[in-house]
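Reviewing the structure listed below.
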Amino acid sequence: MEQAQQRFYQNRIMPMLEMRQANQSSACYQAHSHDEFSFGVIDVGAADYQNLSRKHSIHVGDTVLINPGDVHACNPKQGLWSYRMLFLDTPWLAELQQESELTSSADYQSFATCLRRDKQAYQDFARLFSALGESSSPLRMETLLIGYLMPLFTMRAESRVSAQLYRAKERLLDQLDNAPSLTELAQEVGISRYHLIRSFKAAFGLSPHAFLLDAKIKMAKRKLKQGQSIADTAFALGFNDQSHFQHQFKKRLAVTPRQYQGSFL
């Protein structure tokens, strides 16, 4: 029943966009992150929304804005809720920002806020989402998408995260299938295990282990969309068994790997 209440699909004209719509869903989500920019609106109900350390109570008409890598969770307060989300490829948006001289670096600019409550923001998203689902005109869709996105960004100071933590993060991402132990990781970057756990979570929103699991699930999404089997995906990412893989996947996406893959293949 929950699968029927949720729909994933990729825009066939603009493949850098993944769309998700949930109608009268009871799904709850463990804290997780996405590689993409993600943004959307609540159409029915209310929910508790956490983005990094910020907590909000959100309702019909609110718009959530989530940067790549930001750990977040959004769960209904009572009963059922309906919402629509868009997931946008980060390199595509980074290129758009550079073209628009919003940033001069090779990186991207983040959303200036994680939540908007104004009626106009909701209406703008609704118009964009409708056009993406119905229009066959690339010009119209791209015009609406860029027009919606660009006002959401402002220049802001880059966060300062120590080089040691970035090295630890990259080490985990480089070896999703055979990650180092906490002791090995701490020794490699030159800080204590306790300091690594505390500082890593403060910087990235998750402990090193939770971050690794989250990264594995994001990689699994890509593999499943490409048609790789569930068993091969679980094995390639170093899960002990398919049961563990499916449990971790559903905790973050509220659907099983098979249900997710079936939406695309």
Side-chain angles (χ1 to χ4, degrees), residues 18 28-38 50-54 66-74 87 89-91 94 105-108 110 114 158-258 260-261:
E18 181 180 316
C28 292
Y29 302 87
Q30 181 172 302
H32 63 286
S33 67
H34 302 287
D35 287 333
E36 307 88 355
F37 279 91
S38 50
Q50 180 169 353
N51 187 314
L52 297 176
S53 61
R54 296 157 295 191
I66 305 166
N67 293 307
D70 282 0
V71 176
H72 61 281
C74 199
F87 302 87
D89 183 64
T90 299
S105 70
D107 207 351
Y108 57 81
S110 299
C114 67
E158 295 182 3
S159 60
R160 292 181 173 85
V161 180
S162 76
Q164 292 167 310
L165 296 180
Y166 274 120
R167 287 206 308 274
K169 178 181 177 181
E170 292 305 314
R171 178 79 157 82
L172 292 173
L173 292 174
D174 286 343
Q175 287 188 272
L176 293 181
D177 62 331
N178 187 27
S181 67
L182 182 64
T183 299
E184 292 170 336
L185 190 61
Q187 290 175 345
E188 183 171 325
V189 301
I191 56 179
S192 72
R193 288 174 292 178
Y194 172 70
H195 184 63
L196 174 60
I197 294 172
R198 185 179 62 177
S199 301
F200 195 99
K201 186 170 184 178
F204 303 119
L206 292 171
S207 69
H209 178 253
F211 176 86
L212 176 67
L213 283 174
D214 191 61
K216 286 185 176 186
I217 296 305
K218 289 188 287 189
M219 177 61 74
K221 288 169 60 180
R222 292 195 287 272
K223 289 180 177 293
L224 292 172
K225 287 172 71 173
Q226 292 166 0
Q228 185 163 311
S229 73
I230 295 171
D232 288 346
T233 298
F235 178 78
L237 293 174
F239 284 96
N240 295 331
D241 52 50
Q242 285 190 58
S243 177
H244 183 220
F245 168 55
Q246 295 198 50
H247 177 67
Q248 294 296 331
F249 192 97
K250 188 170 184 179
K251 282 173 68 175
R252 288 162 177 81
L253 276 83
V255 293
T256 67
R258 187 173 304 281
Y260 180 81
Q261 187 177 58

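Under 4.0 Å is where a charged nitrogen must lie from a carboxylate oxygen, and between K221 and D35 no such pair does.
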task = Applying side-chain contact (heavy atoms from CB on, under 4.5 Å), run through F245 and I217 and close with a yes or a no.
result = CA-CA 8 Å; F245 168 55; I217 296 305; 4.2 Å; yes
inquiry  = Go through it in stages, so that I can follow the logic: the residues are H72 and H32, the test is side-chain contact (heavy atoms from CB on, under 4.5 Å), and I'd like the CA-CA distance, side-chain angles, deciding distance and then a yes or no.
reply    = CA-CA 6 Å; H72 61 281; H32 63 286; 3.3 Å; yes
inquiry  = Between F239 and L213, is the side-chain contact (heavy atoms from CB on, under 4.5 Å) condition met? List the steps.
reply    = CA-CA 9 Å; F239 284 96; L213 283 174; 4.0 Å; yes
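Between C74 and Y29 the shortest heavy-atom distance is O-CD1, 3.3 Å. Closest heavy-atom contact between Q30 and A73: C-CB, 4.4 Å. Here the shortest heavy-atom pairing between V189 and Q164 reads O-NE2, 3.3 Å. Taking both residues in full, the closest heavy atoms of L185 and P180 are given as CD1-CG, 4.1 Å, listed atom of the first, atom of the second, then distance. Pairing each heavy atom of V71 with each of A31, the nearest pair is CG1-CB, 3.8 Å. Residues S33 and K218 approach most closely at OG-NZ, 3.1 Å, considering heavy atoms.
One finds the CG atom of L212 at 5.5 Å from the CG atom of L172 (value rounded to the nearest 0.5 Å). S229 OG to Q242 CD: the interatomic distance, rounded to the nearest 0.5 Å, is 7.5 Å. Expressed to the nearest 0.5 Å, how far OG1 of T233 lies from CD of Q261 amounts to 7.0 Å. For the atom pair Q187 CD and L182 CG, the distance stands at 10.0 Å (nearest 0.5 Å).
Put simply, the side chain of L165 reaches to within 4.5 Å of the side chain of L196, judged on heavy atoms. Residues F37 and T90 have side chains in contact (heavy-atom distance under 4.5 Å, counting atoms from C-beta outward). Between R54 and C114 the shortest side-chain heavy-atom distance falls below 4.5 Å. No side-chain heavy atom of Y260 sits under 4.5 Å from any side-chain heavy atom of I230. Put simply, the side chain of Q228 does not reach to within 4.5 Å of the side chain of R222, judged on heavy atoms. The shortest side-chain heavy-atom distance between S38 and E36 does not fall under the 4.5 Å cut-off.
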Check residues 200-211 and write down every donor-acceptor pair under 3.5 Å in which the side-chain atom is one partner and the other belongs to a residue at least two apart or another chain.
unit_1, atom_1, unit_2, atom_2, d
S207, OG, A210, N, 3.2

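The backbone N or O of L52 lies less than 3.5 Å from a partner atom in the side chain of Q50, making a donor-acceptor pair.
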